[in-house]
Amino acid sequence: MAALVLLAFVGVASGRTLLQGDLCADIPACEAGRCALKSISGDSKLICTKCITGYKYTADRLQCVCPPGTAELNTTTADGFVLSCEPCGKGSWCPGGSRSAAAASDARGPRNACGANTDTKSARARSATACFAVAGYFLSDASATGVTAAQCGSSTYTTGLNRQRACTPCPSGFAEDGTDGLTAAGRTTSAAVCKVPPGKFVSTNEVRDCAEGTYRANYTAASAAAACKACPRGVTTWRKAATSIEECTKLLPGFTFGSNKAAGTKAYPGLEGVSAQNGQPLYYAAGDATQCPYGTYFTGGAIATTTASPDCTPCPSGFTTQRLGATSSVECMAPPGYFSNNVALAKCPSGTFREDWAPAVSTNAAKDGADVCTACGAGIAAELREVDEHPTAAAGSKVASSAECCYITAGQGMLPDLSVPNKLAFKAVDCPLNFFGVNATHYGLASLPCTPCGRNLVTNTTKSTSRAACYNMAGYGYTGGGVASPCPVGSYSPTGAMRDCVACPTGRTTLDNSTAQGTIADCVVEPGYGIYTAGATDPFAAPAGLAGLTAEAKASLAVAECIKGAYGVGGAVDSLCTKCTTGATTNTIGATAPGDCSACTNGYGGFPICTACPYSTYSVGDSTGACTACASTSFSYVDGTGAVAQVSSDGITFYRGAASPAMCVPRRALLSPDAGTIYSANTKTDPIFTSTYGGLTTTGVASLADCYATCANPNTGCCMVQYNQATKTCYRAAPGAPVGTGTADGVLTVSFKLPPAGNVAARLAPAPSGARRLLAASAEPSGIVRAQMASSGLYARCATTAWTFSGAAKITGTGAFLPAMPGSKLDGTDYSWAACRDLCEQQAACWGFLWAAKAGAQGACYLRGGIDAPGYVSAFVNPDPDTVGLAAFNWS
């Protein structure tokens, strides 16, 4: 306390009074000279206006005190006491000075200790709330004036400098190792206190029990307890959270120690009395547990108590197991393809299979497995072809363990066997004729019927193996698509040809029956056709050697439509055309039956009995009536009075069976006006009109008709007449007896041009075969149309033996004949009768010709023409073909 200082007022201003002298010393820590008097509640008080550094004045400024967090320090120096506010210091709390402090010593800034095992976080703690328990402790009591700290218990901790009213317990599952002697000083962090207990491990920050079969022995930091250790192979623990390998005392299902058990010890010792060897229990020294062998099982648990007693139990009925380490008798089964006869396993019998592992025990009387193995089916065999799953089977062993072992052989099919009730079953079938089966051994059970070859396709054996064995039947053609179709009539297809039907040759056909359409030999001749040999004299006649030919060779012979007048019934491989009876014919070519011979052919009449037309008649054919008589011909001429007169002549033919009206010529024909009116100008000297050669002159003949009558007797050999109407003289001409010599050159022939009978066009046709010819063959119509008028194209020939060719210049015996017409061939050139005829045909004035035959059927050609003589009429007289003695007239 400073000495009392007398104060002197030096003035008052604004309620303050400045003091004279160092009155401020009365306010400790007030800066010298920085105090004043102030009226407060009517009293004059000394206040400080500025405290020394580190202090602050109170609200009423009556005192300078240390602020909170500091405490007043009174330091003694040589100059006396020195006051200052210093930081409270750690472990203490300083509330700061206060006029209300109970103790005067606390008025300007006391320091209070926090208490044992507590501390502050800074050196300027202001209150007791800034006192915290140190690490390993917690605040057991706390008030405004102080705190009390207590030590953390087991498995708890604090990190210190906090106001925890309890220690933090270890996370769930973590615990303190009670044997590590931790004190409060060691319970400052979780890592130091909280460990993973034995039998536990940490996963995703969670402590979990070790699973059965694992263990963990020590308290361990979480970082070292990520997993538990596994028990040795084949053993496990009886519980979770095992804490030692010595808890691995339970044998796992499917395992055994067998001969690995240590002799002289318990089979598997318990926790007590365990001997150690190299840090491991003795029972591991001889080896780990092994899996139960095939055919045995162990359900797990305590092992056998002696080394002689096996831990694994043999399977019953000879069964085996699918794996090592079987854990139950349920695993005792027969492998696929096997069965048990209740004593041992055997493979399924022939023709059967068995799938899957199963407790298959045969209980039938034979105990042969037929009741537990599945039959492939009637006729279906089974092949041992799948891998033998028996664990002790020999290498390469095979069994029948599925339907894929069942098989049928090439040429067989497989069908559902409906005789087996309430079950889908199959049977093998040998594919019958006209079907085919599999082409090789086929495995598996499924409906696999034999495949039909196809419509009209067949096989020649059963058990065919492919479509290639199918072939067409005879008479059926194959065009693809697995179907053969009946050959159309007129075609054939051999057995097995496997191609389209082949058309029969033209003119041949087949019966409307596929079974008769197998080869070309089935191609019979069609009705209306017959075998035809081109180039033969009679192409429709049977060729030489026909009977000896094979049917195929006969069927290869050409045929043609039967000509008109023949028919072909066909129907045989060697059918011929048959000619109608003589004189009969058919209406068309290609006639098919005798009834088609329904008319007479040309030159014949009187159907149904056709005969050759008589002389002077004709038939153009296709007629069912009589032959037609040749028409009459009328000739006009100028009579002796100058009037036009007519004379008629009936028509005649030169042979029977005339086939055309063109074959008719007049019986008597006037000389054509183109040729003149007389044959000869001198009937007295012309040899053909003299008696030497048979000529005859008759006077007093009243008419031309009467002149004709003198030439009516064919025995006279009369050829022509020449009538003088004025003198009524009839000159008759005929070849007479032979005169002269030189017969070596041949006879002379007089040929007369004949006009047609009636008004018939001069279209000519050949004479029918077999007709009696009165004309030479070369004189018969050739089928061409002759252009000259008044000519039928036919020539009558009077053959003589008296007139002969005697050289190139003349004809012996011609006498007073008119000179030869232009165009005659008298120069010695060989000329045929036909060529000479053609020369006459070309000249309307030519009434005929003389032709002298030479040795080589060639000769001179002497064309004859008439002349015009008023009052004369000349005619050529044909003989009557039916008259007896015609041969004497020397017609050829």
Side-chain angles (χ1 to χ4, degrees), residues 474-475 477 486-494 500-612 619-625 657 659 765-766 768-770 783:
C487 289
V489 173
S491 64
Y492 66 94
S493 179
D500 203 359
C501 298
V502 179
C504 289
T506 301
R508 291 183 178 271
T509 187
T510 59
L511 302 179
D512 189 7
N513 181 355
S514 294
T515 60
Q517 292 177 248
T519 70
I520 193 172
D522 293 321
C523 292
V524 298
V525 178
E526 282 193 73
Y529 283 78
I531 291 176
Y532 180 84
T533 306
T537 302
D538 184 358
F540 285 97
L546 176 63
L549 297 178
T550 64
E552 286 76 11
K554 290 178 180 179
S556 299
L557 295 175
V559 297
E561 267 191 297
C562 295
I563 60 175
K564 193 173 181 181
Y567 62 89
V569 296
V573 72
D574 54 358
S575 294
L576 300 170
C577 292
T578 302
K579 294 179 180 178
C580 294
T581 57
T582 301
T585 188
T586 59
N587 289 324
T588 62
I589 64 173
T592 62
D596 292 332
C597 296
S598 58
C600 293
T601 188
N602 51 343
Y604 285 78
F607 186 83
I609 302 175
C610 297
T611 58
S619 173
V620 295
D622 298 335
S623 171
T624 58
S769 174

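All values below were derived from every heavy atom in this structure, side-chain atoms included, with hydrogens, water molecules and symmetry-related copies excluded. For reference, positions follow the sequence shown, starting with 1. As the structure is a computational prediction, the values presented were derived from the model and not from experiment.
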What are the two closest heavy atoms between [X] and [Y], and how far apart are they?
{"X": "C487", "Y": "G477", "result": "SG-N, 3.8 Å"}
{"X": "A591", "Y": "T586", "result": "CB-CG2, 3.4 Å"}
{"X": "I531", "Y": "L546", "result": "CD1-CD1, 4.0 Å"}
{"X": "G518", "Y": "A474", "result": "CA-CB, 3.6 Å"}
{"X": "P505", "Y": "I520", "result": "CG-CD1, 4.3 Å"}

From [X] atom [atom1] to [Y] atom [atom2], the distance as rounded to the nearest 0.5 Å:
{"X": "D574", "Y": "L576", "atom1": "CG", "atom2": "CG", "value": "6.5 Å"}
{"X": "T509", "Y": "Q517", "atom1": "OG1", "atom2": "CD", "value": "7.5 Å"}
{"X": "C600", "Y": "F607", "atom1": "SG", "atom2": "CZ", "value": "6.5 Å"}

Among residues at least two apart in sequence or on other chains, which ones pass side-chain contact (heavy atoms from CB on, under 4.5 Å) with [X]?
{"X": "A536", "value": "T533"}
{"X": "P527", "value": "T592"}
{"X": "A551", "value": "A521"}
{"X": "S619", "value": "C613, S623, C627"}

Notebook entry, point to check: Counting only N and O atoms by type, is there a donor-acceptor contact under 3.5 Å from the side chain of T581 to the main-chain atoms of A584?
Noted result: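 Absent.
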
Check: Checking T510 side chain against G490 main chain: does a donor-acceptor pair fall under 3.5 Å?
Finding: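 Yes, the answer is positive, given that a donor and an acceptor are paired below the 3.5 Å cut-off.
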
Next item on the list: Can you tell me which residue pairs pass the salt bridge (Lys or Arg N to Asp or Glu O under 4.0 Å) test with a partner in residues 500-511, sequence neighbours excluded?
Entry: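 Qualifying pairs: none.
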
Notebook entry, point to check: Going by the salt bridge (Lys or Arg N to Asp or Glu O under 4.0 Å) test, which pairs reach into residues 520-531, not counting sequence neighbours?
Noted result: none

Next item on the list: Determine which pairs satisfy ring-ring contact (aromatic ring centres under 6.0 Å, His included) with at least one residue from residues 578-598, sequence neighbours left out, and list them in order.
Entry: none

Checklist line | Sequence neighbours excluded - ring-ring contact (aromatic ring centres under 6.0 Å, His included) pairs with any residue from residues 530-554 | finding: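 Checked against ring-ring contact (aromatic ring centres under 6.0 Å, His included) - neighbours excluded - the pairs reaching residues 530-554 are Y532-F540.
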
Check: Where do C504 and Y492 land on the side-chain contact (heavy atoms from CB on, under 4.5 Å) test, with the steps shown first?
Finding: CA-CA 7 Å; C504 289; Y492 66 94; 4.1 Å; yes

Check: With sequence neighbours left out, what residues match D596 under salt bridge (Lys or Arg N to Asp or Glu O under 4.0 Å)?
Finding: none

Item checked: For S598, all residues meeting side chain to side chain donor-acceptor pair (under 3.5 Å), sequence neighbours excluded -> N587

Notebook entry, point to check: In chain order, what residues pass the side chain to side chain donor-acceptor pair (under 3.5 Å) check against S493, with sequence neighbours excluded?
Noted result: N472

Next item on the list: Indicate yes or no: at least one non-hydrogen side-chain atom of T582 is less than 4.5 angstrom from one of Y604.
Entry: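 Sidechains of Y604 and T582: in contact.
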
Next item on the list: Would you indicate whether the side-chain heavy atoms of Y567 and P594 approach each other to under 4.5 Å?
Entry: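 Result yes, sub-4.5 Å side-chain heavy-atom pair found.
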
Just list the side-chain donor-acceptor pairs under 3.5 Å for residues 555-565, sequence neighbours left out, or say none.
from : atom 1 : to   : atom 2 : distance (Å)
S556 : OG     : E552 : O      : 3.0
K564 : NZ     : D622 : OD1    : 2.9
K564 : NZ     : D622 : OD2    : 2.6

